[in-house]
Structure formats: structure tokens, C-alpha cells
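All values below were derived from every heavy atom in this structure, side-chain atoms included, with hydrogens, water molecules and symmetry-related copies excluded.
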Amino acid sequence: QYIILLLTRAMEELEAEKSACEEEKVRYLGEKIPPLQISGLDMEELQNLVKQMHGKIEAVDEERYDCEAKVYKNIRDINELKLKVQDLGGKFKKPALRKVRVSADEMMKALFGAKTKESMDLRSNLKSVKKEDIKQEKLTMEVGDWRKNVEAMSGMEGRKKMFAGGVQ
């Protein structure tokens, strides 16, 4: 019962507010815009009146545009400030991360659990290369006679070998 009374009272106030707003609008327009008196005016005076109206319309449009630009700028600034407030309110210190040494076996256990049966010792799987072998390969590559290769590949015979895939 009490809620119904409140709602009816609110509706009455809302309608009174609307009517007051309409009356204010009519009063304001009556002050700003005098009634048109176009009777008895010749063509030139009508054209001047239209030009004056266009000038007033342009001035009002510029003012409206400026106001809209200010409103949009203020809204954007308000949103940026809200974001800054949220960022400042939600700040927390990140802990310094420690460097942890984990072997491959431990990492595999952590990733896959106890599923991995074989050991993943990566260093044992690497190919061992002796320094002497590397030096020997370099010497054999350098010692090869380059003149043989040039003479074999010169002329049309060399071109045929290149295209046939017989380059050696």
C-alpha cells in the first residue's frame, strides 16, 4: 500500500517536472527568438532575413560542436583517470624470482609426472667429437686440387654434369 502511494507520488512529480521543462523551453525560445514578421517585406529584405538566420544557425552549430567536443574530451579524461585509480588501487609488489637449477629428469617428472620411464640424460646422448678429427677434415678440404674441379666443370661437359647432378 505504501509502495503504491510512493509510485503515484513519483509519477505526479515526474509529470510536473516534464511540464515545467516544456514551459521553460517555450519561455527561453520566446526570449531568444522573436516572432517572425514577414508580411509586407519585399524579396531583398526576405533574402537578408534568411541570410541572418543562416548566420545564427551556423553560430549555434559551432557552439554545439564545441560543447560536444568538450564533453567527449571530459568523458575520455574521466575514463583515463578511472583506469589510473584502478591501477593504483590494485598495485602489489611482485616477488623477486629466484634462479632454480633443475635437471632434465626433474623437469620431465614435473611436466609429465611419473609417466617417463627412461632417463633423459641429455649430455650422454650428445655425439662426442675429437679435436683431431676436426683438424683432419679441414686439412683434406684445403689440400684438394681446385684446378681439377675447374677444368672438369669448364665447357659444356661441366654444365651437363651440373644439371645431371653429377657435381663432385
> Could you go step by step and tell me if Glu23 and Arg27 meet the salt bridge (Lys or Arg N to Asp or Glu O under 4.0 Å) rule?
Replying inline: CA-CA 6 Å; Glu23 290 173 4; Arg27 186 191 61 76; over 6 Å; no
> How many angstroms lie between CD in Gln52 and CD1 in Ile57, if you round to the nearest 0.5 Å?
Replying inline: 12.0 Å
>> Is it the case that over 12 heavy atoms from other parts of the model lie below 6.0 angstrom from the CD1 atom of Ile4?
In response: no
>> Is it true that, when you exclude Glu31 itself, more than 12 heavy atoms of the residues, nucleotides or ligands shown sit nearer than 6.0 Å to its CD?
In response: yes
> Taking the side chain as C-beta and beyond, is there a heavy-atom pair between Glu45 and Leu49 under 4.5 Å?
Replying inline: no
> Going by heavy atoms in the side chains, are Leu6 and Tyr2 under 4.5 Å from each other?
Replying inline: yes
> So does Glu17 have more than 12 non-hydrogen atoms from other groups sitting under 6.0 Å from CD?
Replying inline: no
> Applying the 4.5 Å side-chain criterion to the ILVMFWY set and letting contacts propagate, would Met53 and Leu46 be lumped into a single cluster?
Replying inline: yes
> Around Glu44, counting heavy atoms of other residues, nucleotides and ligands shown, do more than 12 lie under 6.0 Å from its CD?
Replying inline: no
>> Check this for me: does any side-chain nitrogen of one of Glu80 and Lys84 sit under 4.0 Å from a carboxylate oxygen of the other?
In response: no
>> Between Lys25 and Glu22, does any side-chain N to carboxylate O distance fall below 4.0 Å?
In response: no
> Taking atom CD of Gln47 and atom CG of Asp42, what is their separation to the nearest 0.5 Å?
Replying inline: 9.0 Å
> In this structure, are over 12 heavy atoms from other groups packed under 6.0 Å from Leu14 atom CG?
Replying inline: yes
> If we only count heavy atoms from C-beta on, is the Gln86 to Leu83 side-chain gap below 4.5 Å?
Replying inline: yes
> Going through the distances and angles, do Asp77 and Lys73 end up as a salt bridge (Lys or Arg N to Asp or Glu O under 4.0 Å)?
Replying inline: CA-CA 6 Å; Asp77 291 344; Lys73 181 181 180 285; 3.4 Å; yes
